[in-house]
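Everything below concerns the one structure shown next.
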Amino acid sequence: MRWLASVGLVHSVPPNMMNAVPGQDNDHSPAAPVSKAPILVVDKDDGLAREILGVLDKGPYEATWVDDGEKAYNLLDSQPFDVMITEIASHRIDGMRLMSVALDRNPDMCVIFIASEPDVALATEAMRQGAYDFQTKPLNLGRLDAVIQRGISRQRLIVERHELRRRLDEQYGFGSLIGKSRAMANVYDTMRQVATSRATILIQGETGTGKDLIAQAIHNNSPRHDAAYVKLNCASLPEALVESELFGHVTGAFTGATRNRQGRFELADQGTLFLDEVGELTPALQAKLLRVLEQQQFERLGDSRTISVDVRLIAATNRSLESMVDEGTFRSDLYYRLRVVAIEVPPLRQRREDIPLLVDHFVQETSKANNKSIAGITRGAVDVLMRYAWPGNIRELRNIIEGMVVLSRVDRMLDVSDVPEHVRSTATPDLAEMRIPTGTTMQEIERIAIEETMKVCGYNKEACAKMLGIGLRTLYRKLKEYDL
Ligand SMILES: Nc1ncnc2c1ncn2[C@@H]1O[C@H](COP(=O)(O)OP(=O)(O)O)[C@@H](O)[C@H]1O
Ligand SMILES: [Mg+2]
């Protein structure tokens, strides 16, 4: 490693910098422009590393060299890399495992393997698991450089696509989810952060809030998007069937099992399994599920053969699992295993500002589906819809709009009279009627907003702070300030 000082651009990472924050290790090359592609070289052979670094030194790269897999592993946690060049099996952490960690951190990373000798089976397997290229010794350095260049330009394209997608999402929502409220933006943030990982996710929210759509969008944005997305609603079947649906069975496992059948866990191998209404699982099934989550292993019903799978689990529930844990009806160990990441989907009444967007979307969607040409919806009708409490959330909103569309005459705007009577009569009048005369100071506007929102929320400070999008402490301060 001593000789690295003379290479200048390249530096190896001493153990005490393993958890360095990105950027802190730039002391060696302060002038490096940001556009240099970060490349990690993992090679315990000084000679070979020197050759590779020599190539990288000439290109627009920022190379980091480590001499064993363990160091690479730590570094991947703390720094982003576009390319990783590693020997396939010469360090303690096998190259394949290192790749799976690397791709976990950055699914678009180009992993280039170097093997001591040609091995078609190994190369095929490596490519199947996501390697970008596979080279054998003695290295053809020109070819290596070409592969790196190709990999990096592919990556720039992917990044541009992600960026475009992100901007679109920012404008409209995430995937097929519509809504720009702050509450939903928080949900999208979490989704974005966890989509690329394998972490188990628990989605909690009232019925109709979009839990299904969220689970699907996470899968679509995950590295598993080409593999299966399998769903099972635990509430829809009797216990015995849920078990065979999840784990499969063999002939004769129970009366009626006339042939072997794969369960959802097998079908979802390499992909994502969405378990809806997970709170409905019986204690016996909770125990079985916990085992699969911990070991990624199970047996089909009636079979002793153990099956291993690689499945990402997303669970959803509209019940409070936390209170079920307190009551003793849901295993606490399973609860914590499921909620590695928790997503709370806010009910529609707590993000009323999303209603106009959703209404427009559903008017278009349902009129198309029903072959009706509807001119749109009036502001007055949207106002009424915004004041209703939506106990069935977005599903209810969609159904109401569809009913309005189907019943209305074509080529006109939907209006207040098209809104079903029960929605009109229970819409709280106060909500949309916060009158603020022109000439009012900002401070006065804030006072009115707080006062009116408090009324609407039945003087529940937590709900009021949430609706206003401010912290509870801020609300307390303002209430005192305005003497409310
Ligand atoms: N943010 C959203 N944007 C557009 N449609 C939505 C949104 N959330 C839910 N929906 C629609 O509302 C209905 C209910 O959503 P779903 O995901 O099944 O809710 P849940 O699983 O929470 O009961 C579906 O028709 C879904 O397409
Ligand atoms: Mg659902």
Side-chain angles (χ1 to χ4, degrees), residues 165-166 168-192 194-195 201-222 229-237 242 245-246 264 268 272-281 313-321 338-339 341-370 377 382 385-386 388-406 423:
R165 180 64 185 264
R166 201 185 55 75
L168 281 177
D169 285 348
E170 229 162 53
Q171 244 175 313
Y172 302 109
F174 190 93
S176 48
L177 287 151
I178 291 170
K180 298 197 298 183
S181 56
R182 188 202 284 229
M184 283 311 284
N186 289 341
V187 170
Y188 304 148
D189 277 347
T190 312
M191 289 168 70
R192 227 170 258 127
V194 299
I201 298 175
L202 179 64
I203 308 174
Q204 292 187 278
E206 293 178 11
T207 178
T209 46
K211 299 185 292 296
D212 268 77
L213 276 192
I214 290 174
Q216 175 86 58
I218 292 174
H219 171 78
N220 291 350
N221 285 277
S222 78
Y229 176 71
V230 178
K231 291 207 277 191
L232 182 69
N233 185 332
C234 305
S236 64
L237 299 164
V242 173
E245 280 301 322
L246 278 176
R264 306 281 162 116
T272 306
L273 176 63
F274 176 51
L275 274 191
D276 206 357
E277 308 295 358
V278 74
E280 306 304 316
L281 287 179
L313 189 83
I314 304 180
T317 174
N318 56 20
R319 300 174 60 177
S320 162
L321 287 192
L338 287 176
R339 59 164 302 154
V341 176
I343 297 182
E344 297 286 341
V345 199
L348 189 53
R349 64 185 167 282
Q350 282 174 14
R351 44 173 161 128
R352 293 182 195 262
E353 63 268 44
D354 286 340
I355 293 177
L357 268 181
L358 286 161
V359 168
D360 277 343
H361 171 74
F362 290 139
V363 168
Q364 283 188 30
E365 187 191 77
T366 58
S367 49
K368 208 165 160 190
N370 290 284
I377 182 162
V382 175
L385 295 172
M386 279 181 82
Y388 178 62
W390 301 110
N393 294 293
I394 300 178
R395 180 177 294 115
E396 184 184 12
L397 175 65
R398 192 184 178 287
N399 292 343
I400 295 277
I401 300 282
E402 178 148 34
M404 289 167 63
V405 164
V406 169
V423 173

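Just follow the structure's listing: the first ligand is 1, and inside any ligand the first atom is 1.
- Within the structure, the closest approach of I203 to ligand 1 does not fall below 4.0 Å when heavy atoms are considered.
- Sorting the N, O or S atoms of D212 by how far they are from the Mg ion (ligand 2) puts OD1 first.
- Taking a cut-off of under 4.0 Å to the non-hydrogen atoms of I178, the atoms of ligand 1 that pass are 1 (N), 2 (C), 3 (N), 4 (C).
- Taking a distance limit of 4.0 Å, we find that atom 24 (C) of ligand 1 is approached by no protein heavy atom.
- For the 3.5 Å distance criterion, the side chains of N393 and E206 qualify, holding a donor opposite an acceptor.
- Atom numbering of ligand 1 starts at 1 in the shown order; those under 4.0 Å from a heavy atom of T207 are 23 (O).
- Scanning all protein heavy atoms for the shortest distance to atom 6 (C) of ligand 1 gives L213 CD1, 3.3 Å.
- Geometrically, ligand 1 and K211 share a nitrogen or oxygen pair separated by less than 3.5 Å.
- Here is the list of ligand 1 atoms found below 4.0 Å of a heavy atom in F362: 5 (N).
- With R264 contributing its side chain and K231 its backbone, the two residues share a donor-acceptor pair below 3.5 Å.
- Evaluated for a side chain to side chain contact (heavy atoms under 4.5 Å, CB included) with V363, the options L358, V382, I401 yield exactly one hit, I401.
- Heavy atoms of D276 found under 4.0 angstrom from ligand 1: none, in either backbone or side chain.
- Among the atoms of E277, none of the N, O or S atoms falls under 2.8 Å from the Mg ion (ligand 2).
- Ligand 1 has G208 within reach: a non-hydrogen atom of the residue lies less than 4.0 Å from it.
- When atom types are taken as modelled, the side chain of T272 and the backbone of A268 share no donor-acceptor pair closer than 3.5 angstrom.
- Distance alone, capped at 3.5 Å, places no donor-acceptor pair between the N318 side chain and the E277 backbone.
- G210 N, 3.1 Å is the protein heavy atom nearest to atom 19 (O) of ligand 1.
- Of all heavy-atom pairs between W390 and R349, the closest is O-NH1, 4.1 Å.
- For atom 18 (O) of ligand 1, the closest heavy atom belonging to the protein is R395 NH2, 2.9 Å.
- Using a 4.0 Å cut-off to heavy atoms of R398, the atoms of ligand 1 that qualify are 25 (O).
- Side-chain N or O atoms of K211 include one that pairs as donor or acceptor with a backbone N or O of G205 at under 3.5 Å.
- Judged purely by distance below 3.5 Å, without hydrogens or angles, the side chains of D360 and Q364 never pair a donor atom with an acceptor atom.
- Between the side chains of T366 and R398, no donor-acceptor pair of N or O atoms lies under 3.5 Å.
- When the options N399, N318, D212 are ranked by their closest heavy atom to atom 17 (O) of ligand 1, first place goes to D212.
- Counting only heavy atoms of the protein, atom 8 (N) of ligand 1 lies nearest to I394 CD1, 3.3 Å.
- The aromatic rings of Y229 and F274 lie parallel to each other, their planes meeting at an angle below 30°, with 60° marking the opposite boundary.
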